[in-house]
Amino acid sequence: MSSHLLDLATARRSGRPRGITSVCSAHPTIIRAALRRGSVTNQPVLIEATCNQVNHLGGYTGMTPADFVGMVELIALEEGLDRNQLIFGGDHLGPNPWRKEPPEVALAKARDMVVAYVMAGFSKIHLDTSMGCAGETAALDDDTIAARAADLCRVAEAAAEAAGLPQPLYVLGTEVPVPGGADHVLETVEPTSPDAARKTISIHRETFLAAGLKDAFERVLAFVVQPGVEFGSENVVAYNPAKAADLAAVLNDHEDLVFEAHSTDYQSETALAALVRDGFPILKVGPAVTFAYREALYALDMIASELVSSYGARPLAAAMERLMLDHPVDWQGHYHGGKDSLRLQRHYGYSDRIRYYWNRPEAASAVAKLLNALNGRTIPQPLLHQFFPGLAMAGNTADGIILASVDHVLASYDRAVHQASSQI
């Protein structure tokens, strides 16, 4: 199914643009929703893990790349999805998890991580070496970034060859929105300048060819640029096609490439379709789907409080507040303001920093308590409508409601991709 990715540039050139949703989450419920949708649409499903979530040392999920693939494949089997429909991507693979360490140490760990991803069967590899490590400037120069990307690419190529696996496809480039959203309100975001995009492509090509990686560079399917989309805790910057027109025109000189759009979360269907049409056909989404997951759980928390007298008053929300206050590292520095503002952002911010807590035992226990309280109970339609007016007919079991809430987001991406193809 990786050939589907290579066809994106061909489709753009032919005037029949095609897109694909890149689901960036390690949460089993999010993955199940994506795979269930794929089994219905019979379309390829691109699932991506990030370097912080999943790596050879476990990441914050505790999963190695092989563990991640095993989990997704098991869910695919349960959902009746053909394994051939699955595409695994590794996102931001580079020294980022270890950037506080000296560069030689961080890059050695990055090499081991890339090997683990390739050996586990990840066929789409985004190499991101943009960040400085201990003793370096925060942002590196283009030559250093390209040289380090080539170094990691060489390792990936060797790992695939040694294992007898197909050689990976690559995504390069580093000008991306802040992972998880901006930490302050933004009124606008400027797209990458066309000259900067051309320079990035040129330097990487020259560096890869000088390193003997010509064949690998021919498998570079996309460069990451900033098309002018972003979201913060409380606002979303919408895509403006006119502002990105000059950037999109760069692809006219690079017909075998497309651009990859990060942080497309919370964009309208019209905006998503325009991104695909304009040459940004890989639509990455993460916080928007985990936001929908949290939104469903919190609504069910209120439903259970109304429906089950022994359940208590919103114990799930209370448990998550205690957890985030006891372990603030994943939201502090990202949210700003007074006490009340911080509390609201912790739970309801678009950047959804709460997603880092769902795999903790305390959160898992609170979710299990909620689902157990509603297990076997029929949620009356009027109560369901109070908290899920758009999903009133989606089913009235807790698990079904959660999946329907996540699918509501994924369905909008599917419709946008179809809209982009049908507009021409």
I'd like to know if the side chain of [X] reaches the main chain of [Y], judged simply by a donor and an acceptor atom lying under 3.5 Å from each other, with no hydrogens or angles considered.
X      : Y      : value
Thr21  : Val23  : no
Glu321 : Leu316 : no
Asn55  : Gly58  : yes
Tyr117 : Ala66  : no
Gln85  : Gln43  : yes
Glu79  : Leu81  : no
His204 : Thr200 : yes
Thr144 : Leu140 : no
Asn359 : Tyr60  : yes
Thr290 : Pro287 : yes

Heavy-atom distance under 4.5 Å between the side chains of [X] and [Y], does that happen here?
X      : Y      : result
Asp265 : Val229 : no
Glu295 : Tyr348 : no
Pro95  : Thr129 : yes
Asp142 : Lys199 : yes
Ile31  : Leu35  : yes
Arg36  : Asp407 : no
Tyr350 : Val236 : yes
Leu93  : Met113 : yes

If the condition is side chain to side chain contact (heavy atoms under 4.5 Å, CB included), which residues does [X] pass it with, not counting sequence neighbours?
X      : answer
Asn96  : Cys51, Asn52, Arg99, Met131
Ala222 : Val171, Val258, Glu260, Ile282
Pro241 : Tyr239, Ala274, Arg277, Asp278
Ala216 : Cys153, Glu157, Tyr170, Leu213, Arg219

For Ser365, enumerate each residue passing the side-chain hydrogen bond (donor to acceptor under 3.5 Å, both in side chains) test, keeping only those at least two apart in sequence or located in another chain. none
How many angstroms lie between atom [atom1] of [X] and atom [atom2] of [Y], to the nearest 0.5 angstrom?
X      : Y      : atom1 : atom2 : value
Arg111 : His56  : CZ    : NE2   : 11.5 Å
Arg322 : His327 : CZ    : NE2   : 11.5 Å
Tyr357 : Arg360 : OH    : CZ    : 6.5 Å
Ile145 : Leu127 : CD1   : CG    : 12.5 Å
Asp352 : Arg346 : CG    : CZ    : 14.0 Å
Thr270 : Arg415 : OG1   : CZ    : 11.0 Å

Is there any side chain to side chain donor-acceptor pair (under 3.5 Å) pair reaching into residues 247-258, and which pairs are they, with sequence neighbours excluded? Arg13-Asp256
Donor-acceptor pairs are to be reported for all side-chain atoms of residues 67-76 against protein atoms at under 3.5 Å, with residues two or more places apart or in another chain.
{"residue": "Asp67", "atom": "OD2", "partner": "Thr64", "partner atom": "N", "Å": "3.0"}
{"residue": "Asp67", "atom": "OD2", "partner": "Thr64", "partner atom": "OG1", "Å": "3.0"}
{"residue": "Glu73", "atom": "OE2", "partner": "Arg83", "partner atom": "NE", "Å": "2.5"}
{"residue": "Glu73", "atom": "OE2", "partner": "Arg83", "partner atom": "NH2", "Å": "3.2"}

Given the side-chain rings of [X] and [Y], with only the six-membered ring counted for Trp, is the space between their centroids under 6.0 Å?
X      : Y      : answer
Phe259 : Phe280 : yes
Tyr293 : His27  : yes
Tyr266 : Phe291 : yes

If I compare all heavy atoms of [X] with all of [Y], which pair ends up nearest, and what's the gap?
X      : Y      : answer
Ala116 : Pro65  : O-CB, 3.6 Å
Leu165 : Val118 : CD1-O, 3.3 Å
Ala292 : Val409 : CB-CG2, 3.8 Å
Asp91  : Cys24  : OD2-SG, 4.4 Å
Trp98  : Ala106 : O-CB, 3.3 Å
Ala150 : Ala211 : CB-CB, 4.4 Å

For Asp195, salt bridge (charged side-chain N to carboxylate O under 4.0 Å, His left out) partners two or more places apart: Arg198
Quick one: do Asp414 and Thr41 satisfy side-chain contact (heavy atoms from CB on, under 4.5 Å)? Show the steps, please. CA-CA 9 Å; Asp414 272 2; Thr41 63; 3.7 Å; yes
Run the side-chain contact (heavy atoms from CB on, under 4.5 Å) test on Ile47 and Ile87 for me, step by step, so that the C-alpha distance in whole Å, both residues' side-chain angles and the decisive distance to 0.1 Å come before the verdict. CA-CA 6 Å; Ile47 303 290; Ile87 305 171; over 6 Å; no
I need the full list of salt bridge (Lys or Arg N to Asp or Glu O under 4.0 Å) pairs touching residues 43-63, with sequence neighbours left out, sorted by first then second residue. Glu48-Lys124, Glu48-Lys284
Residues pairing under salt bridge (Lys or Arg N to Asp or Glu O under 4.0 Å) where one sits in residues 130-141, two or more places apart or in two chains, turn out to be Glu136-Arg148
Taking the six-membered ring of Trp331 (Phe, Tyr or Trp), confirm whether the NZ or CZ of Arg353 is under 6.0 Å from its centre and within 45° of its axis. no
Only residue of Leu300, Thr29, Leu297, Ile402 satisfying side-chain contact (heavy atoms from CB on, under 4.5 Å) with Val367 is Leu297
Who are the ring pair (Phe, Tyr, Trp, His ring centres under 6.0 Å) partners of His347, not counting sequence neighbours? Tyr298
Phe208: what forms a ring pair (Phe, Tyr, Trp, His ring centres under 6.0 Å) with it, not counting sequence neighbours? Phe217
Under 4.0 Å between a Lys/Arg side-chain N and an Asp/Glu carboxylate O for Lys109 and Asp112? no
Is there a donor in the side chain of Ser233 and an acceptor in the side chain of Gln345, or the other way round, less than 3.5 Å apart? yes
Audit row: Val45, Ile20, side-chain contact (heavy atoms from CB on, under 4.5 Å) steps and yes/no: CA-CA 8 Å; Val45 181; Ile20 188 168; over 6 Å; no
